[in-house]
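To find a chain, count down the sequence lines: A is the first, B the second, and so on, and within it residues start at 1. The structure displayed is predicted, hence computed values, not measured ones.
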Protein chains: 2
Amino acid sequence: MASGDFNHSRPQRKRRKMQRVTMTDVANTADVSPSTVSLYLRKPSAVSERIAIRVRRAIDDLGYVPNYVAGGLAAAGSRVVSVIVPSLRNAFFSETVSELERLLARGGLQTLVGHSEYSLDQEEALVRAALSWAPAAVVLTGCRHNDATRKLLIRSQTPVVEMWELGGDPIDQAVGFSHEQVGRHIAQRFIDQGYESAAFLGARLDEDFRAAQRSQGFLAEMEAAGVPARLIENNAPASTSNGVRLFEELCMAPVRAVACSNDMIALGVLFEAQRRGLSIPTQLALAGFGDLDFAAQMVPPLTTVRPSADKIARKVAECILSRDVSGDDESRPVEHDTGFTLVPRASG
Amino acid sequence: MASGDFNHSRPQRKRRKMQRVTMTDVANTADVSPSTVSLYLRKPSAVSERIAIRVRRAIDDLGYVPNYVAGGLAAAGSRVVSVIVPSLRNAFFSETVSELERLLARGGLQTLVGHSEYSLDQEEALVRAALSWAPAAVVLTGCRHNDATRKLLIRSQTPVVEMWELGGDPIDQAVGFSHEQVGRHIAQRFIDQGYESAAFLGARLDEDFRAAQRSQGFLAEMEAAGVPARLIENNAPASTSNGVRLFEELCMAPVRAVACSNDMIALGVLFEAQRRGLSIPTQLALAGFGDLDFAAQMVPPLTTVRPSADKIARKVAECILSRDVSGDDESRPVEHDTGFTLVPRASG
DNA sequence: ATGAAAGCGCTAACAG
DNA sequence: CTGTTAGCGCTTTCAT
């Protein structure tokens, strides 16, 4: 990525010189010095009650809103955390971002989101932009990044958390689980049930490395057990309609059990199976990944894997927040395994 | 909200005084003045090719990453847009945020997200935090806000876009459609089909004002047509499992047609109906809202309403981006109706 | 416990 | 086209 890429200020909106209320205004009104106001804001207990009252009044009267931008500059580090996910349309990530935002907000941190559309170059661009905010931390999805991204991040000294995947060598901290193991567990379930043939339905496997790993684990385990298993894939998003499409393709040469990239795909399979009069699990066994809300409601309920998105979010937040108070370093890199749960249900 | 709320800098991570590469460093290396570097970054065409080359080299050699925080301070206005939605778990909003983020990024704007959990007070807190970033714009969901929020926003002179709903009096710009009309259209469809009784299944109606308006429109239209219609509601999220729950409650006194808060709820109804052996649409007609991906795949396909989340996102981005270049003011407030489409399918 | 002073890294007139 | 000069609003020693 060339250097000319960051033009951080195109012709800007003519913000009229509105006299924003500043800390100095507050100080004047309260008849104290600006630094005292600053101190009060950051550590109210450090100023006398008499002054605290005056400052508080001034703030309310004036409707003062602090300027984090200025604060960030002075303090050499803003209170934003940049979170970069492949896609917000994906329920896993929107769930994680949602929980993360909530948790970080408690710690006084603002969440900056970006989505890479599963592109490593796009990710690099986002990281570049993120670093321009001198963020308190950068959260990335997965442990596969291009070289420039890694270099940028390491060089910046910014705390980094990679989430939703384990196994690469972490830049700093990693929180997630092994997707290959997920695939293996599903395969094992199918093997235990005695199904004699199987397939994995995958979407965007060349971009979604985690889904690819699940498929690989699945196929490997099947092969080890001597159960014939195929991979059907395409490059469309992991949606229900794509599930229908993938399953249609699979039906040209049917199998006894099918594992899906995720629950959305599985939902598509369920519908298409209904349309074709295929009974689940009698004629076709079905498994998904994600344990999204509807999985348990399906008819029949879906066998799936619960990755606990919020557990990941909690752990990530913890990494960031704790790092934030203690200046501990050199303890990295670390991997935190949040595990996953196979949820056996009637579908397969 | 009291004044003590914003402590924008808790004991901060001890960032060692790492010598971040600054613009001055680049200037020195390239043997030009800092302002020339700044100019090059913002308007490459304004510097001579000779110097451009030197600067570019220096940037690459040094691995310079611009500091937006400093830039924002100097330019009196950062290039972030704060987007506040009720929930990111909701597919409508994650879709909108996703698209918005993409579009704004093109314009060099970073997206700051916050979710209010459908609470007006929470929203106020988020707006307060957002304004601390001197954002280029604030995007809110819906047109219902508390007084403090409105005051804060108006006072700040920040461009505001309220999305996903029309009908209130906009603070600045509004992009969306009438949810009441959505309800009426669905009702009309049911009336046209000759169903003699109906119900609306609603989740969180006292917090989700938009869903509440859909229910009101629906009920009003039904009443006008003399078709008996009931409202079944609870305070759980608008999920598939809640759809099941609401429908179970409805089944104590069945009706001929049921309209749902959204498609997730409708999916729950479909499953529960299947379990009870109720045939759709023969015995029960069903309609949703959202036209989520799976709606068209359901068995039978779901009659629903398509709000076009990305159309909203596009229009919002347009409002922000265009405002950004031309300093036009005083043209507000404006409402942009993005409309919606009733998508009739086999379910009802 | 409070204040004075010195920047943080960059942009934006303005001069040359 | 390039450089000089002031800040932007806040935090942070360091005195008092």
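Between the CG atom of A:Asn67 and the P atom of D:dC8 there is a distance of 12 Å, given to the nearest Å. Atom NZ in A:Lys43 sits about 14 Å away from atom C1' in D:dT12, given to the nearest Å. The separation between A:Met23 atom CE and D:dT12 atom P is 11 Å, rounded to whole Å. A:Leu41 places its CG atom 9 Å from the P atom of D:dC10, with the value rounded to the nearest Å. B:Leu131 has its CG atom 16 Å from the C1' atom of D:dG9, to the nearest Å. As a whole-Å value, the separation of B:Arg79 CZ from C:dC10 P is 16 Å. What separates CG of B:Asp25 from C1' of C:dC10 is a distance of 13 Å, to the nearest Å.
Taking side-chain N and O atoms only, B:Ser38 has a distance below 4.0 Å to OP1 or OP2 of C:dT11. A:Tyr68 has no side-chain polar atom (N or O) that falls below the 4.0 Å cut-off from OP1 or OP2 of D:dC8. Of the side-chain N and O atoms in B:Arg20, none sit less than 4.0 angstrom from OP1 or OP2 of C:dC8. The phosphate of D:dC10 (OP1 or OP2) has a side-chain N or O of A:Tyr64 nearer than 4.0 angstrom.
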Please write out each protein N/O paired with an N/O of nucleotides 2-4 of chain C under 3.5 Å, distance rounded to 0.1 Å.
unit_1: C:dT2; atom_1: OP1; unit_2: A:Ser48; atom_2: OG; d: 2.6
unit_1: C:dT2; atom_1: OP2; unit_2: A:Ser48; atom_2: N; d: 2.7
unit_1: C:dG3; atom_1: OP2; unit_2: A:Ser33; atom_2: N; d: 2.8
unit_1: C:dG3; atom_1: OP2; unit_2: A:Ser33; atom_2: OG; d: 3.4
unit_1: C:dG3; atom_1: OP2; unit_2: A:Thr36; atom_2: OG1; d: 2.6
unit_1: C:dG3; atom_1: N7; unit_2: A:Ser35; atom_2: OG; d: 3.3
unit_1: C:dA4; atom_1: N6; unit_2: A:Ser35; atom_2: OG; d: 3.2

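Ion pairing between a basic and an acidic side chain is recognised when a charged N comes within 4.0 Å of a carboxylate O; B:Arg102 and B:Asp310 show no such pairing. Using a 4.0 Å cut-off between a side-chain N of Lys or Arg and a carboxylate O of Asp or Glu, B:Lys151 and B:Glu124 do not qualify as a salt bridge.
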May I have the list of side-chain donor-acceptor pairs in residues 311-318 of chain B shorter than 3.5 Å, sequence neighbours left out?
unit_1: B:Lys311; atom_1: NZ; unit_2: B:Thr338; atom_2: O; d: 3.2
unit_1: B:Lys315; atom_1: NZ; unit_2: B:Glu318; atom_2: OE2; d: 3.2

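The side chain to side chain contact (heavy atoms under 4.5 Å, CB included) test with A:Val83 is passed by exactly one of A:Val97, A:Thr141, A:Thr96: A:Val97. Of the candidates B:Glu335, B:His336, B:Glu162, B:Met163, B:His336 is the only one forming a side chain to side chain contact (heavy atoms under 4.5 Å, CB included) with B:Gln173.
Looking at every heavy atom in both residues, B:Leu41 comes nearest to B:Tyr64 through CD2-CE2, 3.9 Å.
When the nearest nucleotides of DNA chain D are assigned to B:Ser45 and A:Gly72 by heavy-atom distance, the more 5′-ward of the two goes with B:Ser45.
For B:Arg42, taking side-chain heavy atoms from C-beta onward, the closest of the listed nucleotides D:dT12, C:dG9, C:dT11 is C:dT11.
Sorted by first then second residue, the ring-ring contact (aromatic ring centres under 6.0 Å, His included) pairs that include residues 130-159 of chain A, not counting sequence neighbours, are A:Trp133-B:Tyr68.
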